[in-house]
Number of protein chains: 2
Amino acid sequence: MPLPDFRESAGPLPCAGGKGNSIPEATVARLPIYHRVLTAMAEQGIITVSSEELATACGVTSAKLRKDLSYLGSYGTRGVGYEVEFLGYQIARELGLTSPWGVVVVGVGNLGRALVSYRGFASRGFRILGLFDSHPDVVGSTVAVVDRSFTVRPVEELAEVVADQGAHIGVITTPADAAQDIAERMVKAGLHSIVNFAPVVLNVPTDVEVRKVDLAVELQVLAFHEQRRKNPAGSVVTELDPQRSVSGDRKAMNA
Amino acid sequence: MPLPDFRESAGPLPCAGGKGNSIPEATVARLPIYHRVLTAMAEQGIITVSSEELATACGVTSAKLRKDLSYLGSYGTRGVGYEVEFLGYQIARELGLTSPWGVVVVGVGNLGRALVSYRGFASRGFRILGLFDSHPDVVGSTVAVVDRSFTVRPVEELAEVVADQGAHIGVITTPADAAQDIAERMVKAGLHSIVNFAPVVLNVPTDVEVRKVDLAVELQVLAFHEQRRKNPAGSVVTELDPQRSVSGDRKAMNA
DNA sequence: AAGGGCTCGTGCACGAATGCACAAAGTTGA
DNA sequence: TCAACTTTGTGCATTCGTGCACGAGCCCTT
Ligand SMILES: NC(=O)c1ccc[n+]([C@@H]2O[C@H](COP(=O)([O-])OP(=O)(O)OC[C@H]3O[C@@H](n4cnc5c(N)ncnc54)[C@H](O)[C@@H]3O)[C@@H](O)[C@H]2O)c1
Ligand SMILES: NC(=O)c1ccc[n+]([C@@H]2O[C@H](COP(=O)([O-])OP(=O)(O)OC[C@H]3O[C@@H](n4cnc5c(N)ncnc54)[C@H](O)[C@@H]3O)[C@@H](O)[C@H]2O)c1
């Protein structure tokens, strides 16, 4: 019943580390959605919800939802559904949202400024502990965060703040060519979790987790499907010259 | 040799639509990375690259890279590697980046303003065609985009601009409670591709593709792993009361 | 107290994605 | 020209993720 889940001797690099249970990575990525929808439902005064209703609200199938929730435990009631507030709390606990995590942001430009003004930052278990930049015009300036305001500090003081205030998550919003250096500073400072908005692949130790947010990638994936909509044949070259298509395309490159 | 790839009768909902070849969704999501790294290499004057080198630069394994590229065709040379500029062009063509796609942005607040100033927008095959908002103070104001500047238009004119200028992609940066309405307007206007920054699940027809960018989700996934790092036992309740753990936790909820 | 109805939890099967390993194919040098 | 070396392209096995279907369990009614 408690689902022993005998995949302990997992080979390559699964998500969990320790002893007993592990939760699939795909499930972990959906838990924040469930949590958000449950929170909204609780605010509306909804007491209980079935897997079918909750799944629809989250844009997933009910089977997937139930399987996801089953990794956390048996928190539903057969014949009834899930208690909204209680399930929301269980997910929050599983995600580690019951006490806030400290966040530092490096690169206080257009995007960095927009991010720190983001209300969902503080409202979901995260707390900004410091803003950092390297540009003399930016360092020392004051930035208004939702509840209070911050003075931007030089990036050299990053390690100090992480150590003293106990930050756990770093956000990189510097230009691309500075991102690797910042990532290394964050790792040296003791951070193991990084969100990277710069369009570069970061090289970090295996015990550091990087999640990248990349608008250009999203747009290009959409562009791919848009093109497929127009031209269902896909990449099959239109075969206009009898030569090898490879050399033929090489000319079109400079069009 | 041209890789017929007989998985035409694909069942549920694969990525490709039409006739012959299809490319796995996981591969499509990596192609933009390959393209970016190849572009950077080309600017550095690198002529050829092996799958091992390129894979390292992209943060993937060489086997995965080669398999991904094999879906596009045989563009490598055995014993040598890939010609940087040529492979980059082939990926660009596959992604549909050879001619720019029109983009409209709805919600010109902190985040929207930051996005339109993003240089990588125009530099990779995308072109902003219009900015929209509903707030009287914002409509009519001028926003500087990288190459030129735009006057923010009322959201009622969205359909008109999409039709006249031929936009294909919509970006939503409105508050969460307005996002569903904006999405429906975009669909009505004829868009099939949406990037959603608002923290809500959008309900759209099946022939519309939504990609969501959600900072809160990224942070919460990182929080999950941070917590696991501290407490490897995971969600296994510490079992302090002999009662059912469910009722026991229900009290702790309001702590 | 017993039966009927509803929904959760999960075993099983299937498809997608990853990693391994190697033959095929091209290059280089003698 | 031929042999040794390098790297691609891909068949195969394994792992991961999803969807189906149904038994188990709880509530409500009679
Ligand atoms: N700021 C961030 O870094 C950040 C991060 C993650 C997610 N988000 C999300 O992105 C969205 C925008 O964030 P923001 O900080 O820019 O908010 P914002 O309030 O600064 O900007 C929102 C803009 O949308 C406009 N708007 C409101 N209702 C509209 C409607 N019905 N039609 C058209 N326009 C409308 C407003 O006038 C305003 O200009 C929010 O949903 C937020 O949760 C923001
Ligand atoms: N603006 C967007 O909407 C957007 C979208 C997608 C990705 N991005 C990426 O996010 C990053 C930031 O974008 P932005 O528009 O805010 O750029 P920006 O130029 O406005 O801001 C960058 C900030 O980083 C600071 N910086 C530069 N080098 C630094 C260093 N070594 N250490 C510390 N700080 C340093 C700069 O002083 C500046 O304040 C870029 O990599 C960009 O490609 C931005």
Side-chain angles (χ1 to χ4, degrees), chain A residues 1-16 21-31 34 47-56 58-84 86-87 90 244 246, chain B residues 1-16 21-31 34 47-56 58-84 86-87 90 244 246:
Chain A
M1 191 71 54
L3 183 69
D5 196 354
F6 288 122
R7 66 182 91 169
E8 177 176 336
S9 66
L13 46 134
C15 91
N21 63 341
S22 86
I23 300 183
E25 203 53 42
T27 295
V28 173
R30 285 187 291 267
L31 289 180
Y34 304 156
I47 304 300
T48 62
V49 66
S50 71
S51 65
E52 197 64 55
E53 294 166 329
L54 182 55
T56 301
C58 296
V60 299
T61 66
S62 62
K64 201 190 288 188
L65 173 72
R66 285 199 302 276
K67 184 154 290 185
D68 284 344
L69 295 182
S70 75
Y71 291 110
L72 310 188
S74 287
Y75 295 132
T77 306
R78 295 170 193 232
V80 178
Y82 301 91
E83 200 176 322
V84 170
F86 179 63
L87 179 60
Q90 293 301 334
R244 283 210 43 196
V246 171
Chain B
M1 190 75 51
L3 183 66
D5 196 354
F6 289 122
R7 68 181 89 170
E8 178 179 334
S9 66
L13 47 134
C15 90
N21 64 340
S22 86
I23 300 183
E25 203 53 43
T27 296
V28 173
R30 285 187 291 266
L31 289 180
Y34 304 156
I47 304 300
T48 62
V49 66
S50 71
S51 67
E52 198 64 56
E53 294 165 328
L54 182 57
T56 302
C58 295
V60 299
T61 66
S62 62
K64 201 191 287 190
L65 173 72
R66 285 199 302 277
K67 184 152 291 188
D68 284 343
L69 295 182
S70 74
Y71 291 110
L72 311 187
S74 286
Y75 296 131
T77 305
R78 295 172 193 233
V80 178
Y82 301 90
E83 199 176 322
V84 171
F86 179 61
L87 180 60
Q90 292 301 333
R244 284 212 40 199
V246 170

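We name chains A, B, ... by the order of the sequence lines, and we start the count at 1 in each one.
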Separation of atom CD in E53(A) from atom C1' in dC8(C), rounded to whole Å
14 Å

From Y82(B) OH over to L69(B) CG, what is the distance, rounded to the nearest 0.5 angstrom?
4.5 Å

How many Å lie between CD on E25(B) and P on dG17(D), as a whole number?
16 Å

Distance, rounded to the nearest Å, where R30(A) contributes CZ and dG19(D) contributes C1'
12 Å

Over how many whole Å does the gap from L69(A) atom CG to dG17(D) atom P extend?
16 Å

Assert: residue with more 5' nearest nucleotide on DNA chain D, out of G76(B) and V80(A), is G76(B)

May I ask you to evaluate whether Y82(A) reaches the phosphate of dG9(C), defined as a side-chain N or O under 4.0 Å from OP1 or OP2?
yes

Can you tell me how far P of dT7(D) sits from CD of E83(B), to the nearest Å?
17 Å

Run the side chain to side chain contact (heavy atoms under 4.5 Å, CB included) test against S50(A) and tell me which residues pass, sequence neighbours left out.
E52(A), E53(A)

Taking every non-hydrogen atom, the tightest pair across Y71(A) and S22(A):
CD2-O, 4.2 Å

Atom CG of L65(A) and atom P of dG9(C) are separated, to the nearest Å, by 10 Å

Spatial distance of atom CG (L72(A)) from atom CG (L87(A)) [nearest 0.5 Å]
7.5 Å

How long is the span from the CZ atom in R30(B) to the NZ atom in K67(B), to the nearest 0.5 Å?
11.0 Å

Show each protein N/O and nucleotides 20-23 of chain C N/O combination with a separation under 3.5 Å, one pair to a line.
from	atom 1	to	atom 2	distance (Å)
dA21(C)	N6	R66(B)	NH2	3.4

Both D68(B) and G79(B) contact DNA chain C. Taking the nearest nucleotide for each, which residue is further toward the 5' end?
D68(B)

Between Y75(B) (OH) and dA25(C) (P), how many Å, whole number?
19 Å

Side-chain atoms of P24(B) come closest, of dG19(D), dA17(C), dT18(C), to dA17(C)

For R66(B), all residues meeting salt bridge (Lys or Arg N to Asp or Glu O under 4.0 Å), sequence neighbours excluded
none

Value in whole Å for how far the C1' atom of dC20(D) lies from CD of E52(A)
13 Å

Hey, is the side chain of S51(B) poking within less than 4.0 Å of OP1 or OP2 on dT8(D), counting only N and O atoms?
yes

Y34(B) side, atom OH; L65(B) side, atom CG - distance, nearest 0.5 Å:
5.0 Å

